[in-house]
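The next block holds one structure in the form of structure tokens; read it before the comments.
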Amino acid sequence: MSFQNSFAAARTFALFMFLALSGFLATSGSGFALTAAAIARDANSIQLGDTTYRLDGVDAPELDQVCIDDHADPWTCGLEARDQLTKLIGGRTVRCDDVGPEKHFGKRHRAICTAEGDKVSLNEQLVKLGFAIAREPIKANVKPAAADAKAASAGIWKGCFVAPQDFRAGKKDGPLLGAACRADRDKEIRAVLFPEDLTMPPSCSIKGKLAVRARVTGNIGIYHLRGCPSYPATTKPDRWFCSEDDAQAAGFRKAYNCRRPK
């Protein structure tokens with residue numbers, strides 16, 4: 001075999017291997033399934049081992065989000081929603097089918113997750129209970145469950161709340177949702193749903209502030225760690241986070257004068 005033919009053959013083989021490997025990496029990004037013990041990070045997110053998935057088709061209240069119940073009292077609906085997801089998991093192993101990257105939450109992927117022994121996904125069950133609303137899915141079909149929950153005034157639908165995406169963005173003029181919303185109490189309701197002093201959820205001490213200057217780096221806000229110079233000066237945070245990973249996934253960057261304490 002001539003040198004030219006040998007070189008051409010080697011080049012063809014290298015190209016074939018590159019395309020094959022590229023195909024493998026592409027398919028491993030979605031269509032991949034992982035089964036393991038599961039932890040509900042919040043009502044939107046499930047952690048399996050070192051991997052955290054966002055539930056496809058689901059948008060649930062954040063851990064620091066406040067809702068109003070059917071008696072016009074504020075309640076920590078985000079914590080309750082997470083607890084409901086924990087109950088649905090029930091200590092069982094969970095299979096999460098990766099359906100693709102999540103555009104708005106860092107490097108996380110969306111998934112349809114099902115607990116061992118269940119025929120209905122956790123995505124659909126959580127929405128059916130009324131502790132999450134439907135959002136544009138990649139594959140999960142939760143819209144019928146969302147319509148049933150709304151009609152039955154189940155979960156958060158029994159009271160009044162704002163869509164989680166509006167809460168995350170600090171959009172105080174977004175639509176009010178739920179059976180207990182009253183047009184004649186609009187101002188008072190919004191003051192409860194967006195309190196000046198947002199209560200810190202248990203073990204979630206990272207402060208987040210929405211900031212226009214953060215958009216320079218493609219973020220919506222800045223987070224501050226306990227023990228950093230900017231922490232005590234950051235009063236009335238817009239968000240509370242349990243980990244830096246959660247803060248970054250929500251579109252917040254670390255304060256430049258803040259480094260992890262030793």
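All values derive from a computational prediction rather than experimental measurement.
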Sequence neighbours excluded - side-chain hydrogen bond (donor to acceptor under 3.5 Å, both in side chains) pairs with any residue from residues 205-216 =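 For residues 205-216, and leaving out neighbouring residues, there are no side-chain hydrogen bond (donor to acceptor under 3.5 Å, both in side chains) pairs at all.
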Residues forming a salt bridge (charged side-chain N to carboxylate O under 4.0 Å, His left out) with Asp245, sequence neighbours excluded =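 Partners of Asp245 under the salt bridge (charged side-chain N to carboxylate O under 4.0 Å, His left out) test: Arg41, Arg108.
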request  = Sequence neighbours left out, what passes salt bridge (charged side-chain N to carboxylate O under 4.0 Å, His left out) with Arg82? Give chain and number order.
outcome  =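 Residues passing salt bridge (charged side-chain N to carboxylate O under 4.0 Å, His left out) with Arg82: none at all.
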request  = Would you mind checking if Glu80 and Lys158 are paired as a salt bridge, meaning a charged N to carboxylate O distance below 4.0 Å?
outcome  =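 Looking at Glu80 together with Lys158, the answer is no, because their closest N to O distance does not fall below 4.0 Å.
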Under-4.0 Å salt bridge between Asp83 and Lys87 =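 No salt bridge links Asp83 with Lys87.
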request  = I would like to know whether Lys143 and Val127 meet side chain to side chain contact (heavy atoms under 4.5 Å, CB included); could you show each step before the answer?
outcome  = CA-CA 9 Å; Lys143 290 184 178 180; Val127 171; over 6 Å; no
query = Can you find a side-chain donor-acceptor pair between Tyr223 and Gln248 that sits under 3.5 Å?
reply =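 Yes.
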Would you say [Y] ends up clustered with [X] if hydrophobic residues are merged whenever their side chains have heavy atoms under 4.5 Å apart, either directly or through other cluster members?
{"X": "Trp75", "Y": "Leu176", "answer": "no"}
{"X": "Met200", "Y": "Leu198", "answer": "yes"}
{"X": "Val120", "Y": "Leu85", "answer": "no"}
{"X": "Trp240", "Y": "Leu225", "answer": "no"}
{"X": "Phe167", "Y": "Val58", "answer": "no"}

Ignoring hydrogens and geometry, is there a side-chain-to-backbone donor-acceptor pair from [X] to [Y] under 3.5 Å?
{"X": "Asp56", "Y": "Lys139", "result": "yes"}
{"X": "Asn123", "Y": "Ala111", "result": "yes"}
{"X": "Asp59", "Y": "Ile133", "result": "no"}
{"X": "Asn44", "Y": "Asp42", "result": "no"}
{"X": "Gln65", "Y": "Val162", "result": "yes"}
{"X": "Gln47", "Y": "Gly49", "result": "yes"}

key: Output field: ring centroids Phe241/Phe252 closer than 6.0 Å   =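 Under 6.0 Å, so yes.
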request  = Please tell me if the side chains of Ile189 and Lys187 come closer than 4.5 Å, counting only heavy atoms from C-beta onward.
outcome  =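 No, every pair of side-chain atoms sits at 4.5 Å or beyond.
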Check: Thr76 and Thr199 side chains under 4.5 Å, non-hydrogen atoms =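 They are not in contact (no side-chain heavy atoms under 4.5 Å apart), so the answer is no.
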ask   = Yes or no on side chain to side chain contact (heavy atoms under 4.5 Å, CB included) for Asn257 and Cys228, after CA distance, side-chain angles and deciding distance?
value = CA-CA 8 Å; Asn257 70 344; Cys228 295; 5.8 Å; no
query = Pick one: which of Cys181, Cys67, Cys77 meets side-chain contact (heavy atoms from CB on, under 4.5 Å) with Phe161?
reply =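 Single side-chain contact (heavy atoms from CB on, under 4.5 Å) partner of Phe161 among Cys181, Cys67, Cys77: Cys67.
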Test log, rule side chain to side chain contact (heavy atoms under 4.5 Å, CB included), inputs Leu88 and Leu129 = CA-CA 10 Å; Leu88 289 173; Leu129 288 173; 4.1 Å; yes
